[in-house]
Amino acid sequence: MLRFIFTRLSLVVPTFIGITLLVFVLIRLIPGDPIETMAGERGIDALRHEQLRKEYGFDQPVLVQYGLYLSRLVHGDFGRSIVTHEPVISEFGTLFPATIELSVCAILFALCLGLPAGIIAAVRRNSIFDHGVMGVSLTGYSMPIFWWGLLLILLFSVQLGWTPVSGRIAVQYFIEPVTGFLLIDALLAGDFGAFRSALSHLVLPMIVLGTVPLAVIARMTRSAMLEVLGEDYIRTARAKGLPYFRVIAIHALRNALIPVVTVIGLQVGVLFTGAILTETIFSWPGVGKWLIEGINRRDYPVLQGGTLLIGAIIMIVNLLVDVAYGLINPRIRYTR
Amino acid sequence: MPLLEIKNLSVEFPSQHGMVRAVDGVDIMLERGEVLGIVGESGSGKSVGMLALMGLVPYPGRVRADKLQFEGRDLQTLSERERRALTGKDVAMIFQEPTTSLNPSFTIGYQLAETLHVHEGMDRKAARRRVIELLEQVGIPAPESRLSAYPHQLSGGMNQRVMIAMAIACNPKLLIADEPTTALDVTIQAQILDLLLSLQRDRGMALILITHNMGVVSDTTERVAVMYAGQIMEQRPTQSLFASPQHPYTAALLAARPEASDGGRLATIPGVVPGLSDRPPGCLFGPRCIYATPLADKVRPDLRPWMDGLIRCHYPLGDPTRDERIAADGGSAPIPERETTS
Ligand SMILES: Nc1ncnc2c1ncn2[C@@H]1O[C@H](COP(=O)(O)OP(=O)(O)OP(=O)(O)O)[C@@H](O)[C@H]1O
Ligand SMILES: [Mg+2]
């Protein structure tokens, strides 16, 4: 197991170099530079432009800039935003809990609905429930996030007025950030009004972001369960006279979870991509919205740092998923 | 009261050709402590028939029987719950593939203790002690160290021993062993069979042994049922069945044993088992039977008492009048000569 973790960790460094290089080059391919963007409509005279370029180091060859950036990175310096002049790492740290809160809730939403739906669909295969779940999940999977988000806003916020349109909490509440997760902080502060407000803000983005993972988890759980239910050891479990619930929930599910966990791990990357769109639609103050603004402002340090940090987090989560995979599947622990 | 009484058991599966019968009118009667062998070619319905007894016929299959009684209790009218309390406790079953029959995600200690927990309500500690005892009884060395092993860490033979331990955990009155040694090495096969038989003797439990191997049947069983295409063709005490088979199919099976071959060539039965959907109207063995008559091709024989057992044949081999009757029914009684191939 330890060796397995070490092998995985040794892949981290080359992956990081790859990510940084890619981001570094790609954002410099976008026409326009940060200085022009800052100057806006009024424009800027050539002399001052040149001066500022020098100040930020944009006049040097890209490779030199890249080398400088890397050497600062090694010392833990992610640079400062060109726009706000705040350290990238601290901006990220402030915004990231909002993204985490949204993503974790979305995944929980997907799991809480997707696992039971997939299990029941498999146990009652070819029933109306099964066909319903499969149809709905196919629709959910193919729904563009933008369209789906706007549709929900139109219905629940505009027509019914049940949920707020955007943001994370109503303005009248102020919650001292302790964990950075508003739901938890509101509860810690004992402010139930704030909790309800935060929850009502969270519901729609959570559903929008959780829809694709929900569809994937439901379908994957169903097919994994179907396969497992045909296995000899399920027949053995039934021959032992175990209650049906135990056969399904313990003997079958434990084995069906193995491919499902892998799929959930792969969904983490998809989730962050989705979070960027979702946060933009709902003006959710997280790193996704921050990155989109960074692109619009050509805020190179923000884009570089943000992408790198998100990449790091995805890699860590995938590693954790692999470890979890080893824990639920005794067959792989010994063979690696 | 017999331990087990099955009358006219049939199992049907839906297919493109409508319902097809995998098991067709099977009768089985078993006394306490008796050892019954069931033999027959692949696909003759041996496994499905026993799964029906366990209540484990897979999803679209439909089970019907005039009588399905265990210790005088009608299994068909029991509630799900009562039936489950019986399966795994009083009737247990082991299967052909020991390695895939155990759950790969749980230790064998857990899988064994689970049975004891569910049926006997044993707590963790008591179950652990009993599991070690059981593993000892089935001849697994150093049982304590095996408790935390996963099935993939044990050999096929060891896994089959674990399966047997699991099956006998609650002292069943009937153990069904469905080709328990087919997937194992030849050397291990004998050990597992010996183990099964000694357990059977020590505990006085009844044993139904499903096998392809006529040699195993003659060594181990008291009575044999010969199945063909979902039906029992002949059912008699082992010794007399081997000494004087009454059904032409039994005779052909015995002649096809390697031991019975007179050097070099192995006898085979010409033709193939009819498929589930192309059953002939008359005797199911008719198309392959060298004694078949126009009558046998039209009228399906019933399973009827004959000599010291049961038979499903118009012209049992030991019937002194059979030659005349075959001739009278328009058959050309051939000189019974064995087909041989190389
Ligand atoms: N789930 C199922 N659906 C449809 N048909 C089935 C199913 N299970 C078994 N059958 C059919 O029932 C018939 C009897 O099968 P069974 O497994 O009982 O044979 P068997 O005598 O045990 O053979 P073997 O010696 O190969 O184990 C076969 O023709 C098989 O195709
Ligand atoms: Mg079989």
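Below, read A as the first sequence line, B as the second, and so on, with proteins coming before strands; counting in each chain starts at 1.
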Check: Passes side chain to side chain contact (heavy atoms under 4.5 Å, CB included), Val162(B) versus Val138(B)? Steps please.
Finding: CA-CA 8 Å; Val162(B) 172; Val138(B) 296; over 6 Å; no
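With hydrogens and angles left out, the side-chain atoms of Glu41(B) and Ser44(B) include no donor and acceptor closer than 3.5 Å.
Residue pairs meeting the ring pair (Phe, Tyr, Trp, His ring centres under 6.0 Å) criterion with at least one partner in residues 91-123 of chain B, sequence neighbours excluded, are His251(A)-Phe106(B), Phe106(B)-Tyr110(B).
Using a 4.5 Å cut-off between heavy atoms, Ile258(A) touches chain B through its side chain atoms alone. Of the atoms belonging to Glu80(B), not a single heavy atom falls under 4.5 Å from chain A. Heavy-atom distances place both the backbone and the side chain of Leu56(B) under 4.5 Å from chain A. With a 4.5 angstrom heavy-atom cutoff, Leu51(B) touches chain A only via side-chain atoms.
Among the residues in residues 102-112 of chain A, none has a non-hydrogen atom closer than 4.5 angstrom to a non-hydrogen atom of chain B.
Of the listed residues (Gly230(A), Ala237(A), Pro243(A)), the greatest number of heavy-atom pairs within a distance under 4.5 Å of chain B belongs to Pro243(A).
Ion pairing between a basic and an acidic side chain is recognised when a charged N comes within 4.0 Å of a carboxylate O; Arg146(B) and Glu136(B) show no such pairing. With respect to Arg246(A) and Glu114(B), a salt bridge is recorded, a charged nitrogen being found less than 4.0 Å from a carboxylate O.
Between the Asp185(B) side chain and the Ile188(B) main chain, no donor and acceptor come within less than 3.5 Å of each other. For the pair Gln200(B) (side chain) and Gly33(B) (backbone), a donor-acceptor distance under 3.5 Å is present.
Paired with Ile108(B) under the rule side-chain contact (heavy atoms from CB on, under 4.5 Å), one option of Leu154(B), Leu147(B), Asn103(B), Val131(B) passes, and it is Leu154(B).
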